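We count ligands from 1, going down the list as the structure has it; atoms in each ligand are counted the same way. Owing to the predicted nature of the structure, the values given are computational and were not obtained by experimental measurement.
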Amino acid sequence: MQNKYKGIIASNGIAMGPIFMYTKQKIEVSNEKISENDVIKEQEKVKDAINSYSNEIENRVKTTPEEEAIANAHTELLSDPYFEETILNKIESELKNSQLALDETVKEMVMTMEALDDEYLKERAADYKDIGEQVMYKLMGVKANNLSRLTKEVIIISKELTPSDTSTMDKKNVLGFATDLGGKTSHTSIIAQTLDIPAVVGMNDITKHAKDGDFAIIDGDQGEIILNPDDELKKEYINKIDKINAEKQRLLEMKDKKAITKDGKHCEVAANIGNLNDLDIAIEAGCDGVGLFRTEFLYMENSHFPTEDEQYEVYKKACEKLEGKPIIIRTLDIGGDKGLDYYEFPKEENPFLGYRAIRLCLDKIEVFKTQLRAILRASAYGKIRIMLPMVISVDELKRSRDLLEELKSELNEKNIDYDKDIELGIMVETPASVMMSDKLIKYADFFSIGTNDLTQYMLAVDRGNENIAHLYSNYNPAVLRAIKKVIDTSHKAGKWTGMCGQFASDTNATKLLLGLGLDEFSGSASKLSKVKDTILNSSFKQAQEYASELLDLDTANEVEQKVLGDN
Ligand code: PEP
Ligand code: MG
């Protein structure tokens, strides 16, 4: 019988085919204590198992940047002395057998990660579990049950897929997958997006309903899986797949084009990145540059504030990869929902209105200087622009500019090369910066609108609160008026405005934003071609008329309905 189940969209697209139920080998860990005579032997077993898994990772064929990243992450964790030492200690001081010592250590580490108030790090707990499992297989001498050799094209259904499962799976035979567990930002979901495999996660109990060999459709656009569809539905979905493929093919031809409207307005279409792997994907997708490098990930992935040289290497590499295309590096935007393992933030009633971003940088001046110096030095290798987050006053911008000038003088004295004309811009993401935009633009070289925060602050609606999610809309006329004001102000001063909030990746809004006069769109790599396509097929004059019509509407709902009707 045909049945439909809903989950969380992990990766867009549609796939259909027979189901392969993937179950993991069950691991039973014995509680038996060892004698003191066996301590060394058990410790050696652990060391061998860790070495064996390390060698396996090193020799594994890696075909995507994500696989490379997972291999690196696992290697790094395995070589963390704390991991091995904790296991060895448990064996020696508590006389636990090697399997139990490993099992307990991994569980403790996972629990610590999951308790952190940080979605990104919570998701990384999956990497720890994964490593624990792989080392346990080595310890037990069992061959890991894996997806690396599939004999035909299948849809995988499993309780959970670890990053190792996804990175070692036989990609040519995996049509799509669905899992009971998992979230949108897990490594597994990210890999699915990179590989362009339709996937739905967080389905709760799809493993209870699906059976090996059953036929299934995965609809990654709706976040649904349909088991045993009837012939009519299959036909409907075959048509949808044909249309998606034809559209993909058509958009592929847009990727290296310049986004110029029919009447000659040129927009930059850039990508948002969090690390160098994202940059590889963005370049592949034909980005005109990077409109937002969220450097806080560099800080979050580290166990210490990254040094000047560590940062310099990353920024320099980014410049080299971009071969002259521009990159906007946003200075540290930490605090709010983004914490650091190695730094204790003050306890605050309202962290989103608290000690964060530029406020923190201007307070912890050495942290700020270290980053600015690294950026300046890397600017000798490409077209870097600097951008400050969460600005609310001219004072913050002037202090930052003075600091930058001071650092430039230091570099001059030491004869260290950097881009003398490096631009300094700000994110416009607070109502204060909108209202003060005419003053701020005197000291800023450009604006980039951060709609994710601007919408939450303009509307006083927490961007992460499900209870009021219906009030959070980029289409609210208050937000649209703010966007228009900022763009107009910059143009009057002979400068430009971009947008790096998610609104720039909402392809339903491209024509509206174009009409409001936006000069640069920066968003998800997967949406760049579609944004370019819309701009190439628009007339700027008509888009302006369209935007002023929409600006005249009374409610977010009216604007949204009109925009959706036109797309
Ligand atoms: C924004 O606020 O729109 C933005 C791009 O920054 P972040 O999402 O990192 O806060
Ligand atoms: Mg922001």
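At a heavy-atom cutoff of 4.0 Å, ligand 1 is contacted by the side chain of Arg294 but not by its backbone. With a 4.0 Å heavy-atom cut-off, ligand 1 is reached by no atom of Met387. Proximity of Leu292 to ligand 1, defined as any heavy-atom pair under 4.0 Å, is confined to the side chain (atoms from C-beta onward).
Ion pairing between Asp309 and Arg377 holds under the 4.0 Å rule for side-chain N and carboxylate O. Glu313 and Lys317 are not joined by a salt bridge, as no carboxylate oxygen comes within less than 4.0 angstrom of a charged side-chain nitrogen. A salt bridge does not link Asp438 with Lys492: none of the charged nitrogens is closer than 4.0 Å to a carboxylate oxygen.
If you look at Asp453 and ask which of its N, O or S atoms sits nearest the Mg ion (ligand 2), the answer is OD2.
By the 30° and 60° cut-offs, the orientation of the rings of Phe446 relative to Trp496 is parallel.
Of all heavy-atom pairs between Phe447 and Ser490, the closest is CD1-CB, 4.0 Å.
When hydrogens are left out, the protein atom nearest atom 6 (O) of ligand 1 is Arg330 NH1, 3.0 Å; that is the closest non-hydrogen contact.
At distances below 3.5 Å, not a single donor-acceptor pair connects side-chain atoms of Glu268 with backbone N or O atoms of Gly289.
Polar contact check, Asp453 against ligand 1: a nitrogen or oxygen pair lies under 3.5 Å apart. Backbone and side-chain nitrogen or oxygen atoms of Asn452 are examined, and one is located within less than 3.5 angstrom of a nitrogen or oxygen of ligand 1.
Residue Glu429 approaches ligand 1 through these ligand atoms, each under 4.0 Å from one of its heavy atoms: 1 (C), 2 (O). Atom numbering of ligand 1 starts at 1 in the shown order; those under 4.0 Å from a heavy atom of Cys500 are 5 (C).
Counting backbone and side-chain atoms alike, Glu429 contributes an N/O/S atom closer than 2.8 Å to the Mg ion (ligand 2).
By the neighbour-count criterion of 12 heavy atoms within 6.0 Å, atom NZ of Lys347 is sparsely surrounded, having that number or fewer from other residues, nucleotides or ligands.
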